[in-house]
Undergrad: 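Would you mind keeping the following structure in view while I ask a few things?
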Number of protein chains: 4
Amino acid sequence: MVRAARPRLRQVETPAPKAHTSNRRGRRSRQEILDAAARVMSVRGYAGTSMSTLVKETGLPKSAFYHHFESKAGLLSAVMAQGAQGFFDAMRDAHRDPPEGGTPRERMRWYLLRTGEVIENREEFLRLLLVLVMSHEAAEAPEALRTVRTVRDEGRTYMRHMIRSAFAGAGGAAADAVADALAPFGMAGFDGAFVSFQSADGIPIARFMTELADGLVSLGEALLPGR
Amino acid sequence: MVRAARPRLRQVETPAPKAHTSNRRGRRSRQEILDAAARVMSVRGYAGTSMSTLVKETGLPKSAFYHHFESKAGLLSAVMAQGAQGFFDAMRDAHRDPPEGGTPRERMRWYLLRTGEVIENREEFLRLLLVLVMSHEAAEAPEALRTVRTVRDEGRTYMRHMIRSAFAGAGGAAADAVADALAPFGMAGFDGAFVSFQSADGIPIARFMTELADGLVSLGEALLPGR
Amino acid sequence: MVRAARPRLRQVETPAPKAHTSNRRGRRSRQEILDAAARVMSVRGYAGTSMSTLVKETGLPKSAFYHHFESKAGLLSAVMAQGAQGFFDAMRDAHRDPPEGGTPRERMRWYLLRTGEVIENREEFLRLLLVLVMSHEAAEAPEALRTVRTVRDEGRTYMRHMIRSAFAGAGGAAADAVADALAPFGMAGFDGAFVSFQSADGIPIARFMTELADGLVSLGEALLPGR
Amino acid sequence: MVRAARPRLRQVETPAPKAHTSNRRGRRSRQEILDAAARVMSVRGYAGTSMSTLVKETGLPKSAFYHHFESKAGLLSAVMAQGAQGFFDAMRDAHRDPPEGGTPRERMRWYLLRTGEVIENREEFLRLLLVLVMSHEAAEAPEALRTVRTVRDEGRTYMRHMIRSAFAGAGGAAADAVADALAPFGMAGFDGAFVSFQSADGIPIARFMTELADGLVSLGEALLPGR
DNA sequence: AATGAATGAGCATTCATTCAT
DNA sequence: CATGAATGAATGCTCATTCAT
């Protein structure tokens with residue numbers, strides 16, 4: 001189940017940076033902390049990630065963490081907020097300029113394949129997101145949990161939008177009905193594809209996305225009034 | 001109609017209950033510990049669950065934990081082993097007496113709806129399983145990770161079996177081909193349904209299972225040589 | 001204001017006892033911890049005493065402190081409880097066999113001089129007690145504060161008893177009235193004597209006690225109905 | 001009636017307010033810090049008061065504290081110095097225009113009742129003073145401890161002055177002898193009254209002062225050569 | 001077989017303080 | 001002059017584990 005491609009924790013090769021020439025590098029170290037936290041927490045989980053580990057990862061003094069973030073929970077919240085931001089930006093980018101014509105299947109595939117690329121690029125964030133969805137590890141970080149919920153809600157909205165666009169040819173009302181009916185299943189397909197991706201079964205995400213697209217289109221066509 | 005051979009479930013060995021038949025309390029408290037650990041770890045995650053929490057939860061002395069299990073990691077391994085055992089038993093039970101006739105869709109639906117019931121009844125185990133799939137929280141418990149892998153492998157085998165059974169009417173070779181092609185997607189649907197179930201979207205698992213069944217059948221039919 | 005006679009913190013001359021032959025010396029280390037805490041806290045105050053200091057003082061591992069006591073606050077509570085016990089025992093001892101006859105002044109002096117001896121022997125406890133009376137340093141240790149209040153209440157009762165005994169010759173009712181009227185002043189005299197004792201003015205406690213006795217008798221006689 | 005010379009109060013040097021006349025905010029925030037520190041430290045003790053607490057209390061930036069004061073210890077020293085100044089000013093004010101005639105008791109009562117009012121008004125300062133007398137919490141602030149000693153020495157001188165004034169009618173030498181003999185007891189009465197006041201026994205300070213006055217006069221008369 | 005006592009390493013967090021601007 | 005950013009050392013406490021009985 002251990003995926004070789006998973007990011008390894010950087011070894012502590014810089015045991016004494018010490019020579020911090022300037023103390024006016026706040027913004028930079030804040031981001032360094034966020035990056036390290038996102039990386040490590042997505043691998044070890046929230047509870048499994050100790051502040052000391054992040055200290056070793058970054059080389060920054062422990063107090064820097066509490067200078068920039070209120071607490072470990074606050075750090076998680078910031079990690080999630082930034083991750084969500086990046087995820088939505090990537091989604092918006094990916095779905096810019098959708099194909100104008102084509103069959104529903106072609107359009108659906110286009111959307112989901114692009115989405116699959118986002119999944120691959122946002123692995124870290126999505127892994128942490130799913131762990132937070134599944135466990136209550138981060139009960140102390142309600143703000144982070146709120147972000148999780150927001151991301152899922154927005155994600156569902158996104159899925160609805162994709163399905164509606166794919167079926168746009170069938171008329172607005174019909175497309176809306178299909179989208180509303182299938183968005184949950186689409187989300188589940190998305191989640192499942194990511195889990196499979198994580199469980200290192202070696203199957204490319206694109207394949208899941210293609211199958212999900214085709215499946216959604218089949219289900220959708222069965223729902224169309226004309227049928 | 002050819003009924004595909006039911007896959008033989010590999011035994012997930014419980015690490016030899018230490019044979020303390022003499023003391024009746026021993027057996028009972030071992031099980032109490034396993035239950036509490038399964039319950040709490042599935043909620044808080046492995047790293048997020050401390051031995052002290054389990055001590056408080058069970059009321060048993062801390063040393064009892066180390067009497068029955070080698071370590072926290074060993075406890076997790078036992079929890080996973082027992083959970084896997086129960087999961088497979090439930091699956092075997094659920095799929096006893098499949099319908100003999102009917103369309104592929106009907107048969108697929110029957111299988112997956114029964115599977116959905118198992119999902120609902122084994123929520124605790126599956127939640128912990130998925131957290132372990134997603135995070136490296138339990139890197140110290142390789143035995144548990146092995147169980148995770150086993151469960152997923154067996155799960156995929158199971159999924160293959162269900163699809164093959166549904167398509168049995170198309171002939172053994174065709175059914176095999178379809179099953180091999182769609183098993184990963186089926187697994188992903190299963191995972192995704194569980195994630196949605198956990199994220200408390202309020203949609204009944206049965207609906208996901210029905211849609212997954214229909215989607216799989218559509219995809220399968222598209223793969224059949226005759227088409 | 002620094003009194004030379006004040007107990008010095010024992011230097012950490014035993015840096016590595018390590019060779020704790022037995023781990024069954026619980027009771028003993030509990031008492032060691034209590035003693036060290038009483039000693040150091042009475043010098044540095046509650047907030048000014050860190051657990052690490054006590055660790056260094058005792059040579060015991062930090063976890064031993066949390067094995068025996070719930071928290072730093074709990075340790076303070078135990079220190080105060082044991083100190084109060086010892087204080088009351090000493091008072092009871094000191095006032096066993098009071099003189100049968102003599103003038104009120106002689107009797108009052110006898111009582112207070114004996115009390116002065118107790119003060120000198122219980123310096124540590126009383127110092128900590130007074131610091132807790134004066135500051136809210138130990139707001140987190142409400143149990144300790146309850147002990148403080150108890151000790152002061154019992155102390156006042158004691159003072160009443162001494163005055164009543166001194167004036168017993170004037171008749172029970174008169175003695176009671178005098179005792180009730182003067183107990184608060186007696187307490188204040190006691191407190192003040194202890195503060196002076198602590199502020200290292202070099203004046204023996206016995207002198208304060210004699211003057212307090214004489215002052216109380218004068219005030220008491222002025223209250224007697226016959227006058 | 002011979003009025004004893006009022007003791008000259010030694011100045012308790014405020015550490016030269018750094019002469020920032022230019023910036024008006026500076027002066028004000030320095031005083032704000034002093035006030036907050038006096039208030040909080042008198043409640044929580046020195047060790048129990050963190051700089052962060054004072055930052056939150058004042059709303060001023062942390063660096064302002066180090067701009068105006070050298071260190072936490074330096075801040076305590078300044079707090080004590082200013083408190084001592086205020087205390088002596090209040091004492092001087094309170095004892096302006098003592099009664100010319102009357103019995104020693106009347107005069108003693110007048111002095112001590114006025115002193116009692118000062119106690120009530122300077123509660124904050126005296127509480128911190130007593131905590132510093134009792135504990136070694138502020139070992140790092142020797143300057144503050146010096147102020148403590150000064151205040152107590154001056155206080156004793158004051159007490160001597162009051163007793164001498166009360167007994168002035170008995171002749172200078174006799175009054176001096178009585179004052180020297182009873183000043184420590186007077187101080188102790190003062191301390192004790194304050195402790196009782198703090199321990200919230202609900203007894204008005206005036207009553208302690210009256211009884212202390214009467215007690216002192218009784219003791220003093222017993223010492224007069226004529227008796 | 002079962003357990004209360006004990007422990008060293010590590011936890012998240014706060015401390016008083018410094019420094020560049 | 002005034003301050004926001006930064007920091008190393010220490011804080012109170014919990015961790016998983018061991019061991020003698």
Side-chain angles (χ1 to χ4, degrees), chain A residues 18 20-27 29-30 47 49-55 60-73 75 140, chain B residues 18-27 29 47 49-55 60-75 140, chain C residues 18 20-27 29-30 47 49-55 60-73 75 140, chain D residues 18-26 29 47 49-55 60-73 75 140:
Chain A
K18 284 269 179 181
H20 285 320
T21 29
S22 154
N23 74 353
R24 235 3 187 89
R25 121 219 82 119
R27 274 284 118 73
S29 53
R30 196 191 131 94
T49 301
S50 77
M51 294 302 262
S52 314
T53 301
L54 299 178
V55 163
L60 290 164
K62 190 173 275 195
S63 41
F65 287 75
Y66 289 88
H67 179 63
H68 291 295
F69 307 94
E70 207 177 50
S71 62
K72 189 186 173 186
L75 173 54
E140 343 153 19
Chain B
K18 293 219 163 175
H20 42 175
T21 17
S22 72
N23 197 317
R24 217 159 243 115
R25 257 276 272 171
R27 262 268 151 71
S29 55
T49 301
S50 76
M51 296 298 261
S52 315
T53 300
L54 299 177
V55 164
L60 268 60
K62 184 171 275 192
S63 36
F65 287 74
Y66 287 89
H67 181 66
H68 290 297
F69 306 95
E70 204 179 50
S71 63
K72 190 187 172 186
L75 173 55
E140 344 154 18
Chain C
K18 283 268 178 184
H20 284 322
T21 29
S22 154
N23 73 354
R24 228 20 179 83
R25 120 218 82 121
R27 275 283 118 72
S29 53
R30 198 191 129 94
T49 300
S50 77
M51 294 302 263
S52 314
T53 301
L54 299 178
V55 163
L60 291 164
K62 189 173 276 195
S63 43
F65 287 76
Y66 289 88
H67 178 64
H68 290 296
F69 306 94
E70 208 178 48
S71 62
K72 191 188 171 185
L75 173 54
E140 342 154 19
Chain D
K18 292 217 168 178
H20 42 174
T21 15
S22 72
N23 196 317
R24 215 160 244 113
R25 258 277 273 172
S29 54
T49 301
S50 76
M51 295 299 261
S52 316
T53 301
L54 299 178
V55 163
L60 266 58
K62 187 172 272 194
S63 36
F65 287 74
Y66 287 88
H67 181 66
H68 290 297
F69 307 95
E70 205 179 50
S71 63
K72 190 187 174 187
L75 173 55
E140 342 155 19

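In the text below, chain A, chain B and the rest are named by the order of the sequence lines, each starting its count at 1. All figures in this text were calculated on a predicted structure; none of them were measured in a lab.
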Undergrad: With sequence neighbours excluded, what pairs up with D:Thr53 under the side chain to side chain contact (heavy atoms under 4.5 Å, CB included) test?
TA: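 In terms of side chain to side chain contact (heavy atoms under 4.5 Å, CB included), with neighbours along the sequence ignored, D:Thr53 is linked to D:Val40, D:Ser50.
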
Undergrad: Give the rounded distance in Å between these two atoms: CD of C:Glu70 and P of F:dC13.
TA: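 So the two atoms are 10 Å apart, to the nearest Å.
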
Undergrad: Among the nucleotides F:dA5, E:dA1, E:dT17, which one has an atom lying closest to any side-chain atom of D:Lys62?
TA: E:dT17

Undergrad: From the set E:dT3, F:dT14, F:dG4, return the single nucleotide nearest to any side-chain atom of B:Pro61.
TA: E:dT3

Undergrad: The side chain of D:His67 is closest to which nucleotide in this list: E:dA16, F:dC15, F:dA2?
TA: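 Closest nucleotide to the D:His67 side chain: F:dA2.
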
Undergrad: Taking the minimum atom-to-atom distance to the side chain of C:Lys72, which one of F:dT17, F:dG12, E:dC11 wins?
TA: F:dG12

Undergrad: With rounding to the nearest 0.5 Å, note down the distance linking NE2 in B:His68 to CG in B:Leu60.
TA: 7.0 Å

Undergrad: Only stems of 3 or more consecutive Watson-Crick or G-U pairs count here, both distances under 3.5 Å; name the ones for DNA chain F, or none.
TA: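 So far as stems of 3 or more pairs are concerned, DNA chain F shows E:2-21 with F:2-21.
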
Undergrad: Write down the distance between CD (D:Glu140) and C1' (F:dA9), rounded to a whole number of angstrom.
TA: 14 Å

Undergrad: Check every strand shown and say whether C:Thr49 touches a base, only sugar-phosphate, or nothing at a heavy-atom separation below 4.0 Å.
TA: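 Since only primed, P, OP1 and OP2 atoms lie under 4.0 Å of C:Thr49, the category is sugar-phosphate.
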
Undergrad: So, does A:Ser63 get its side chain near the phosphate of F:dG8, meaning an N or O under 4.0 Å from OP1 or OP2?
TA: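 Looking at the OP1 and OP2 atoms of F:dG8, neither is under 4.0 Å from any side-chain N or O of A:Ser63.
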
Undergrad: Specify the closest pair of heavy atoms between A:Lys72 and A:Ala47, including all atoms of both residues, with the distance to one decimal.
TA: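 Between these two residues, the closest heavy atoms are NZ-O, 3.9 Å.
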
Undergrad: Using atom CE of B:Met51 as one end and atom P of F:dC13 as the other, report the distance to the nearest whole Å.
TA: 23 Å

Undergrad: Can you tell me the distance, in whole Å, between the NE2 atom of C:His68 and the P atom of F:dT14?
TA: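 Between P of F:dT14 and NE2 of C:His68: 16 Å.
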
Undergrad: Please report, rounded to the nearest Å, how far the P atom of E:dG4 is from the CZ atom of B:Phe65.
TA: 13 Å

Undergrad: Quick one: B:Leu75 CG to F:dA16 P, roughly how many Å, whole number?
TA: 11 Å

Undergrad: Go through the N and O atoms of the side chain of A:Ser52 and the base of E:dG10, and report whether any donor-acceptor pair is under 3.5 Å.
TA: no

Undergrad: Closest-nucleotide mapping onto DNA chain F: is A:Ala64 or B:Ser50 further toward the 5' terminus? I mean the 5' end.
TA: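 Counting from the 5' end, the first nearest nucleotide belongs to A:Ala64.
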
Undergrad: Would you mind reading off the distance between B:Leu60 atom CG and E:dA1 atom C1', rounded to a whole angstrom?
TA: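 B:Leu60 atom CG is separated from E:dA1 atom C1' by 14 Å.
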
Undergrad: When you measure from the side-chain N and O atoms of D:Tyr66 to the phosphate of E:dT17, is any distance below 4.0 Å, counting only OP1 and OP2?
TA: yes

